[in-house]
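The structure appears below as structure tokens.
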Amino acid sequence: MIYTDTRDSSVKADFRTAVMGGMNQATGGLYIPVEFPKLDKALLNKDPAPSFRDVAFNMAKPYVEGEIPDNDLAAIIADAYPFQPKVVPADAISYIMELFHGPTCAFKDFGARFMARTMSYFNRNEDTPLHILVATSGDTGSAVGSAFHNVPGLDVTILYPDGKISPLQEKQLSTFTGNVRALKVKGTFDDCQKLVKTAFTDNELRGKLRLSSANSINIARLLPQSFYYMYSALTVRNRSAMDNKIQDPAIIMVVPSGNFGNLTSGLIAREMGAPIAGFVAATNTNKTIPDWIATGDYNARPSVETYANAMDVGAPSNYERIKAMYTLDQVRELFASYWLDNDGIKDAIKSCNDKTGYIIDPHGAIGWQAWDDIRSGAMEKLIAGEKNDWNKPGLTPNVPSWGNEVVKKNAVGVILETASPAKFGSIVTDAIGKEPPMPDRLEAVMRLPDNAIPMENDYNQFKDWLIANL
Ligand SMILES: *Cc1c(COP(=O)(O)O)cnc(C)c1O
């Protein structure tokens, strides 16, 4: 596969360059495949639906063609995914796509584990390790740390702001041993990011250590997230008639979004032939994308803190990829978009539990509420010309091409549950009056000793530490 650049379509790179580079330093643009090949019809039409690993292998294959042979790719997939997504019906026309069955209990495990193993593969003939530096405000760091832990040839240093992340997040970051370690920096997330960025531009340091990044813009994190959209869409298509007597439903993927990597992966799955009619882009108060869809003006802004804090992004990096793939009019046809404030998030957790018995996390809850409003009259009103004021929580004024399918009761919603509710226990308990069940692996991590290394917010000290210890 050839990869090009969102800012310069004359750029041509192979998969290895795109993965190891992360972004194109020369243009500041993001890598994107030049095409999205359709999956084989025989696989798409299989009933029962193919297994998750089968889907993963067949979807990944064209993107690594000529660079990773089939047997190596199959080994990467098998090692990355000892777990899989689960599709759980919440009611007759609503499904929850549970993406939290990986080691850190959030969907980022799917992308980070594939990226770690492809980087290790490309590093296999080097005799020195590749040093990954990551700044994190919470969830990304644990997914990356866990994904790279004990992966050969790779070494990870995570920087996080001391005292500014939750106790559970801190445990998930700071208890690794071996090739993964955490530095707790006396500063903010921005300070951590600055230390990392300065290291990447420090030629003296780069002369001593091979450095790389592992952030969410890497194409090796984006592509594997498309696997679970395909798998879930095929699964829902095949079981829908039994659940709700709808033969060939319009499947709507409802995606709680921050940086919009997850949603972009859904677009890739649809391009590759997944039976997906459209998407709901659901955000918290950081509604840069809903505002863009409503007004046509894109205004990145500083982020604000919300209960769905993994979505607190004011300048979503994958906007650039969405723009490279579609025009604004096409986006308005494909997406409904919806946002909720903090009060709405709490009410949504409660409403989901009251109506279905399902305990949902604050991120998934925004998706649930979006879908519940859409199928309970909001889309019908919109089509009738009654537009919501998009400055208030709710749907933006565009009518997507699939809107009528909802009104005709021919649509089903699939809500992406991006994290285990146990990771946001206090908010969930506040909303529903009982604690969400704690997965064993989260309980286990809380008991591990903390190995975080204290670090001043000072570049020279950070650099000296790297040189002395890596
Ligand atoms: C990262 C994250 C999101 C947002 O995903 P994007 O790809 O950034 O849009 C949503 N929910 C949870 C729990 C996350 O960790």
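All ligand and atom numbering here is 1-based and tracks the order in the structure. From a predicted model like this one, the values you see are computed outputs, not experimental measurements. The figures here come from the full heavy-atom set of this structure, side chains too, leaving out hydrogens, waters and symmetry mates.
- Ion pairing of Arg375 with Asp91 is present here, as a side-chain N (NZ or NE/NH1/NH2) and a carboxylate O approach within less than 4.0 Å.
- Classification of Lys194 and Asp190 as a salt-bridged pair fails, no side-chain N sitting under 4.0 Å from a carboxylate O.
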Run the side-chain contact (heavy atoms from CB on, under 4.5 Å) test on Arg447 and Glu443 for me, step by step, so that the C-alpha distance in whole Å, both residues' side-chain angles and the decisive distance to 0.1 Å come before the verdict.
CA-CA 7 Å; Arg447 287 196 297 267; Glu443 207 160 56; 3.9 Å; yes

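- Each of Thr429, Ile349, Asp361 was scored for a side-chain contact (heavy atoms from CB on, under 4.5 Å) with Pro421, with one residue passing: Asp361.
- With respect to Lys186 and Asp162, no salt bridge is recorded, no charged nitrogen being found less than 4.0 Å from a carboxylate O.
- Near ligand 1, Phe107, Lys108, Asp139, Pro256, Ser257, Gly258, Asn259, Phe260, Gly261, Asn262, Ala310, Met311, His363, Thr418, Ala419 each place a heavy atom less than 4.0 angstrom from the ligand.
- Residue Leu328 holds its CG atom at 5.5 Å from CH2 of Trp292, rounded to the nearest 0.5 Å.
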